[in-house]
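One-based numbering along the sequence shown.
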Amino acid sequence: MTAEAPPAPALSYGRLIPVTVHFDDLDALGLLHNARYPLLVERAWTELWQEKGVRFDGDWSAAGDACNAVRELRIGYEAPVTRAGAYAVHLWLERLGRTGLTYGFRLCSVDGAVTYARGSRVLVRLDATTLRPAPWSEAFRDGARELLRPDA
């Protein structure tokens with residue numbers, strides 16, 4: 001008999017993506033290493049967009065909206081993660097511009113009730129040839145609108 005995953009909690013905006021903290025993610029004090037927080041967020045963000053068909057398969061010319069770069073990352077640590085196990089990343093969009101976007105995130109408990117860290121990240125869509133800003137596709141924009149925070 002297989003156990004079913006518990007239903008994701010209702011959020012008023014964004015998505016809650018499950019992530020796992022492994023023993024080797026912890027530092028010598030038994031705390032989640034500060035560099036692992038953004039890594040967990042990146043993995044959740046990648047999973048979310050892969051579900052929507054946006055992925056990088058090794059060819060930057062064919063990457064489309066997956067050809068983007070981080071312009072800014074801000075993170076604040078609110079409570080220590082002190083053990084390996086199941087957690088979640090709450091993701092949402094703060095701003096969706098023509099060539100860039102800002103998304104917010106929280107590393108939190110599986111049910112979203114406890115916040116361990118929160119922050120934001122600015123991405124810029126790039127043209128694969130020139131590496132200059134390029135507009136997001138309409139398909140991407142349609143998927144992204146579902147993630148916009150209502151008061152954003």
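Between R121 and E42 there is a salt bridge, since a side-chain N of the basic residue sits under 4.0 Å from a carboxylate O of the acidic one.
Applying the salt bridge (Lys or Arg N to Asp or Glu O under 4.0 Å) test to every pair with at least one member in residues 11-23, sequence neighbours left out, gives these pairs: R15-E51. Evaluation of the salt bridge (Lys or Arg N to Asp or Glu O under 4.0 Å) test over residues 18-40, restricted to residues two or more places apart or in two chains, returns D25-R36. For residues 113-137, every residue pair satisfying the ring pair (Phe, Tyr, Trp, His ring centres under 6.0 Å) rule, not counting sequence neighbours, is listed here: Y87-Y116, W136-F140.
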Carefully, step by step, assess D57 and R55 under the rule side chain to side chain contact (heavy atoms under 4.5 Å, CB included).
-> CA-CA 6 Å; D57 292 323; R55 62 179 34 93; 3.5 Å; yes
Candidate pair C67 and L126, rule side chain to side chain contact (heavy atoms under 4.5 Å, CB included), full reasoning = CA-CA 6 Å; C67 186; L126 299 175; 4.0 Å; yes
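Judged by distance alone, the side chain of R149 and the main-chain N or O of E94 form no donor-acceptor pair under 3.5 Å. At distances below 3.5 Å, not a single donor-acceptor pair connects side-chain atoms of T115 with backbone N or O atoms of A117. A donor-acceptor pair is defined here as one N or O able to donate and one able to accept, closer than 3.5 Å; no such pair exists between the side chain of Y37 and the backbone of L107. Panel note: side chain T102, backbone V122; no donor-acceptor pair is recorded below 3.5 Å.
Under the 4.5 Å side-chain heavy-atom criterion for ILVMFWY residues, a single connected hydrophobic cluster contains both V70 and V54. Note on F56: it does not cluster hydrophobically with L48, by side-chain heavy-atom contacts below 4.5 Å among ILVMFWY residues. When the side chains of ILVMFWY residues are joined at heavy-atom separations under 4.5 Å, either directly or via intervening members, V81 and I75 end up in a single hydrophobic cluster. In terms of hydrophobic clustering, with Ile, Leu, Val, Met, Phe, Trp and Tyr side chains grouped at heavy-atom distances under 4.5 Å, L39 and W49 are assigned to different clusters.
Inter-residue side-chain proximity for T20 and H22 is flagged as met; some heavy-atom pair is nearer than 4.5 Å. Between V21 and L40, some side-chain heavy-atom pair lies under the 4.5 Å cut-off. The shortest side-chain heavy-atom distance between V114 and C108 does not fall under the 4.5 Å cut-off. Using a 4.5 Å heavy-atom cutoff, the side chains of L96 and R145 are in contact.
We find the OH-CG distance between Y13 and L93 to be 12.0 Å, quoted to the nearest 0.5 Å. Between the CG atom of L147 and the CG atom of L101 there is a distance of 9.5 Å, given to the nearest 0.5 Å. Distance CZ/R83 to CG/L31: 12.0 Å, rounded to 0.5 Å. Remark: H90 NE2 to I17 CD1 distance equals 10.0 Å, nearest 0.5 Å. Interatomic distance, R106 CZ to S120 OG, rounded to the nearest 0.5 Å: 14.5 Å.
The nearest pair of heavy atoms linking A88 to S109 is CB-O, 3.7 Å. Across all their heavy atoms, G64 and R125 have their closest contact at O-CZ, 3.2 Å. When all heavy atoms are compared, the tightest approach of P150 to S12 is CG-O, 4.2 Å.
With sequence neighbours excluded, no residue satisfies side chain to side chain contact (heavy atoms under 4.5 Å, CB included) with P18. With sequence neighbours left out, E146 forms a salt bridge (Lys or Arg N to Asp or Glu O under 4.0 Å) with K52. R74 pairs by the salt bridge (Lys or Arg N to Asp or Glu O under 4.0 Å) definition with E72, not counting sequence neighbours.
When each of V110, L11, L91, D111 is tested with L16 by the rule side chain to side chain contact (heavy atoms under 4.5 Å, CB included), just one qualifies, namely L11.
The ring of Y103 has its center closer than 6.0 angstrom to the ring center of W45.
Counting heavy atoms of neighbouring residues, nucleotides and ligands inside a 6.0 Å radius, atom CZ of R71 does not exceed 12 of them.
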